[in-house]
**Student:** 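One structure, as structure tokens, below. Some questions next.
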Amino acid sequence: MRFEVGARVRLHPNGATVFKVFEVDYLGDPDRVLVEVVDDTPGTYPWPASTALMVTADD
């Protein structure tokens with residue numbers, strides 16, 4: 001599944017945490033994106049994640 005910048009996602013279908021896609025095709029890899037936690041928490045920063053099990057967050 002392809003995701004766009006700004007999409008709200010979960011890293012796994014059973015995941016509890018919601019992330020926002022920060023960058024797509026991370027380092028030229030279409031199966032990796034940069035994500036950042038949506039919740040306003042201290043020390044939040046973008047980090048790479050695989051899209052293999054990623055699903056859209058249906059809030």
Side-chain angles (χ1 to χ4, degrees):
M1 175 179 263
R2 298 282 301 163
F3 296 96
E4 295 185 11
V5 172
R8 294 168 48 95
V9 299
R10 296 183 195 279
L11 300 183
H12 188 275
N14 296 328
T17 306
V18 176
F19 297 86
K20 177 177 71 174
V21 175
F22 194 76
E23 180 182 329
V24 295
D25 298 337
Y26 182 65
L27 297 178
D29 184 346
D31 296 325
R32 296 195 59 80
V33 296
L34 278 182
V35 294
E36 188 172 49
V37 175
V38 170
D39 295 334
D40 187 21
T41 56
T44 300
Y45 57 91
W47 53 277
S50 171
T51 60
L53 297 175
M54 196 174 284
V55 295
T56 57
D58 300 320
D59 290 357

**Student:** Does the side-chain contact (heavy atoms from CB on, under 4.5 Å) test come out yes or no for Arg2 and Val33, once each step is laid out?
**Tutor:** CA-CA 10 Å; Arg2 298 282 301 163; Val33 296; over 6 Å; no

**Student:** Same cluster or not: are Met54 and Val24 linked, directly or through other Ile, Leu, Val, Met, Phe, Trp or Tyr residues, by side-chain heavy atoms under 4.5 angstrom apart?
**Tutor:**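 Yes, it is one cluster - the side chains of Met54 and Val24 are joined through contacts under 4.5 Å.
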
**Student:** Working to the nearest 0.5 angstrom, can you tell me the gap between Phe19 CZ and Asp39 CG?
**Tutor:**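 Here the interatomic distance stands at 9.0 Å.
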
**Student:** Taking Tyr26 as the starting point, is it possible to reach Tyr45 by hopping between hydrophobic residues whose side chains are less than 4.5 Å apart?
**Tutor:**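 They do not share one cluster, since no chain of ILVMFWY contacts under 4.5 Å joins Tyr45 to Tyr26.
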
**Student:** Using the rule that Ile, Leu, Val, Met, Phe, Trp and Tyr join whenever any side-chain heavy atoms are under 4.5 Å apart, tell me whether Val37 and Leu11 fall into a single cluster.
**Tutor:**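 Yes, Val37 and Leu11 fall within the same hydrophobic cluster.
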
**Student:** Do Val5 and Phe22 come within less than 4.5 Å of each other through their side chains, counting heavy atoms only?
**Tutor:**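 When only atoms from C-beta onward are counted, Phe22 and Val5 do not touch, as no gap falls below 4.5 Å.
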
**Student:** For residues Ser50 and Arg32, report the shortest heavy-atom separation together with the two atoms involved.
**Tutor:**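 So the minimum-distance heavy-atom pair works out to N-NH1, 3.6 Å.
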
**Student:** Roughly how far, to the nearest 0.5 Å, is CG of Asn14 from CG of Leu53?
**Tutor:**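 That separation rounds to 10.0 Å.
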
**Student:** Locate the shortest heavy-atom distance separating Glu36 from Thr44; write the atom from each residue and the value.
**Tutor:**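 So the minimum-distance heavy-atom pair works out to CG-CG2, 3.3 Å.
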
**Student:** Give the intermediate values and the outcome of side-chain contact (heavy atoms from CB on, under 4.5 Å) for residues Arg10 and Val18.
**Tutor:** CA-CA 5 Å; Arg10 296 183 195 279; Val18 176; 3.4 Å; yes

**Student:** So how far is it from Asp29 CG to Thr51 OG1, rounded to the nearest 0.5 Å?
**Tutor:**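 The OG1 atom of Thr51 is 7.5 Å from CG of Asp29, to the nearest 0.5 Å.
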
